[in-house]
Amino acid sequence: MTTAVVASLLGVAVVLLGSAATGVVRPRRYVTTLDFYVAARAVGPWRNGAAISSEYTSAVSCLSLAGLIALHGVPMLWYSVGATGGYVVVLILVVAPLRRSGTYTLSDFAQWRLGSPLVRRLVTGIVTVIGMIYLVAQLQAAGGVLHLVTGLPPWAGGVATAVAAVAVALTAGMGSVTGLQALQFWLKLLIFAGCALVLWSAWRWGMAATPAVPVPPAVPRPVQEHVLAGIGDPSPLGVLSVLVSCALGAMGLPHVIVRVYASPDGRSARRSVVAALAMLVAFYLLPPVYGVLGRVFAPGVPADAMVLVLPARMLPGPVGDALTGLLAAGAFAAFLATSCGVLVALGATLSPGTPRMARIAWIPRIGRFRGSVAGAALTALLLSWAAPHGSVILLVMLGFGLSAATLCPVLVLGIWWRGLSARGAAAGLVVGGGLIAVLVAVEGLAPAALVAGLGLPVRYPAPFVAPVAFLVMVVVSLATPGSVPAGVSRKLARMHIPEGLGEPGIDRSSRRPGRSSC
């Protein structure tokens, strides 16, 4: 067993076992179901911001983005801007009003705002699909990383990540996950920044190996290279498509938006997102560093593998092996943080019979939450084995695109337009989600000639489908004013009037004494 394998196995084991122990050995105790799902709405801005940053900087941020910069050059630098810029849109349009609504899942918000069980079911289905896409991406990336650095079969990395994530999520819900994710963000930032500093210094001071001779990268057929939002397309339209997907899709990612509900009030939720923006800006300075080094020392290496291959190419020997082990550990911290967040969001969404602001009969509902978490993890594992193993960023951007075309219009119009009707929301969700599904199917299954003939919407669906979904919701809502829910003015006032000036949007009820058995 080589030094690189030992270092990688040790780093991965420390991250997975240490993370599981953090959540399992001393779990947080809560009194009500609400406390369990949203950490008692008592997460401070900086800790919440670190948790948001941690689950957002997933496999794509840590590995694929740097690889794309190495393969395709300067235009890919805009991807970091898009990944961070999505939170500016979330901050301006969504954060505080959504927190003041008093709900604690996107499905609850849809039913509270629109009063429609059908819309709730549609949102639940879309949240589940997006969550599964993200989970499959993390598990496949974990399997690929472990196989690359140790030679173990790909399923081993996915199983290890899923088991650790389930252990944390089942123990004490959002409380355990929040603390773990905040810690993992700083761990990831320290590892990736430290390794980048060492590698950059070795290059600048002439201690690195001789740079590789540039080799033109192998380019997959266009159908696979442009699946959803123009991934890897350096043209202005391709880059713009990615930026639109990130800007509109970030607000509908279930594992990210659930963080809004964990804040004490709307002001604290806004401060959490501002803190997350500052942390993300710091983190997204690192992929360009790895991308530049990879373009010099590891040309032609697949995007998802480039960061892990780079240390051995630049510093062959013990130092390169140690850096590879550290980067593998940082990557698994990213996989685990995102997986935990997705599992908690899915568990809260899929738990049957969970009413908004539940305060009674909480033990069986938490049992259903745990069953939903375990079922989601098992389903994602099976899908990760059955689905083709391609680029992780394609899966993640699929989630962004679906969110931009469905959940984004519901949130924006539901928060800012009193005329949104239940039928309009349902129609927009069906049209947006259906068009994304059809275009992705055409892109992936149809002959290249047919894809080229159908034009730009197939290659870059998000910028075309999202406006269509907005338009459908508006037109159908105007045509069906009778399905606008009663009391909509009061609900909008609740979302937009700051706490203390009007009807509070937070739960001020005293909690029952005692401790839960969670």
Side-chain angles (χ1 to χ4, degrees), residues 38 41 43 45-58 60-61 79-101 103-110 113 123 126-127 130-131 134 178 181 185 229 242-284 337-338 341-342 345 396-397 399-417 432 462-463 466 469-470 495-496 498 505:
V38 292
R41 298 202 193 276
V43 182
W46 282 102
R47 190 158 64 99
N48 208 15
I52 292 171
S53 304
S54 186
E55 59 190 4
Y56 193 64
T57 51
S58 61
V60 168
S61 302
Y79 286 19
S80 297
V81 177
T84 308
Y87 277 93
V88 177
V89 180
V90 172
L91 177 65
I92 294 172
L93 296 179
V94 172
V95 170
L98 187 61
R99 172 59 190 89
R100 295 187 190 113
S101 72
T103 58
Y104 61 94
T105 68
L106 290 174
S107 300
D108 289 333
F109 172 79
R113 171 62 178 82
V123 170
I126 292 168
V127 166
I130 294 173
Y134 254 83
T178 298
Q181 289 175 329
F185 173 76
V242 170
L243 296 181
V244 170
S245 295
C246 291
L248 300 183
M251 70 178 66
L253 299 181
H255 58 295
V256 171
I257 208 66
V258 73
R259 289 286 155 203
V260 172
Y261 307 119
S263 296
D265 50 41
R267 180 173 179 269
S268 181
R270 276 201 175 111
R271 292 176 63 193
S272 297
V273 175
V274 171
L277 272 170
M279 297 175 194
L280 289 172
V281 167
F283 189 91
Y284 280 114
T338 302
V342 173
V396 172
M397 290 308 300
F400 270 99
L402 181 58
S403 171
T406 53
L407 300 180
C408 169
V410 167
L411 283 171
V412 172
L413 294 177
I415 290 172
W416 294 98
W417 185 41
F470 271 99
M495 288 190 286
H496 292 287

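If you're wondering where the values come from, they're calculated on a predicted model, not measured in any experiment.
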Excluding sequence neighbours, so at least two apart, what forms side chain to side chain contact (heavy atoms under 4.5 Å, CB included) with [X]?
| X | answer |
| --- | --- |
| Ala405 | Ile436, Val465 |
| Ala247 | Val89 |
| Leu277 | Thr84, Tyr87, Val88, Leu91 |

For [X] against [Y], the heavy-atom pair lying closest together:
| X | Y | result |
| --- | --- | --- |
| Tyr284 | Ser80 | O-OG, 3.8 Å |
| Gly341 | Glu55 | CA-OE1, 3.5 Å |
| Ser245 | Ala462 | OG-CB, 3.1 Å |
| Pro254 | Val127 | CB-CG1, 3.6 Å |

Residue set satisfying ring pair (Phe, Tyr, Trp, His ring centres under 6.0 Å) with Trp416, at least two apart, ordered chain then number -> His496
Ring pair (Phe, Tyr, Trp, His ring centres under 6.0 Å) against Phe283, all qualifying residues, sequence neighbours excluded |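 Ring pair (Phe, Tyr, Trp, His ring centres under 6.0 Å) list for Phe283, sorted by chain: empty.
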With Phe109, the side chain to side chain contact (heavy atoms under 4.5 Å, CB included) member among Val260, Ile415, Val123 | Ile415
By side-chain hydrogen bond (donor to acceptor under 3.5 Å, both in side chains), which residues pair with Ser58, not counting sequence neighbours?
-> none
Rounded distance (nearest 0.5 Å) linking atom [atom1] of [X] with atom [atom2] of [Y]:
| X | Y | atom1 | atom2 | result |
| --- | --- | --- | --- | --- |
| Leu253 | Arg259 | CG | CZ | 13.5 Å |
| Arg270 | Ile92 | CZ | CD1 | 9.5 Å |
| Ile52 | Thr57 | CD1 | OG1 | 11.5 Å |
| Leu402 | Leu407 | CG | CG | 7.0 Å |

Which is it for Leu106 and Leu411 under the side chain to side chain contact (heavy atoms under 4.5 Å, CB included) test, yes or no, and what are the steps along the way?
-> CA-CA 9 Å; Leu106 290 174; Leu411 283 171; 3.9 Å; yes
Derivation of the side chain to side chain contact (heavy atoms under 4.5 Å, CB included) call for Arg113 and Val410 = CA-CA 10 Å; Arg113 171 62 178 82; Val410 167; over 6 Å; no
Going by heavy atoms in the side chains, are [X] and [Y] under 4.5 Å from each other?
| X | Y | answer |
| --- | --- | --- |
| Pro498 | Arg100 | yes |
| Met397 | Tyr79 | no |
| Asp265 | Ser268 | yes |

Would you sort out whether Arg47 and Phe185 count as a side chain to side chain contact (heavy atoms under 4.5 Å, CB included), showing the intermediate values?
-> CA-CA 10 Å; Arg47 190 158 64 99; Phe185 173 76; over 6 Å; no
Report yes or no: does [X] contribute a side-chain atom to a donor-acceptor pair with the main-chain N or O of [Y] at less than 3.5 Å?
| X | Y | answer |
| --- | --- | --- |
| Ser101 | Leu98 | yes |
| Arg99 | Ala269 | no |
| Ser53 | Gly49 | yes |

Quick one: sort the Tyr56 and Phe400 rings into parallel, tilted or perpendicular, breaks at 30° and 60°.
-> perpendicular
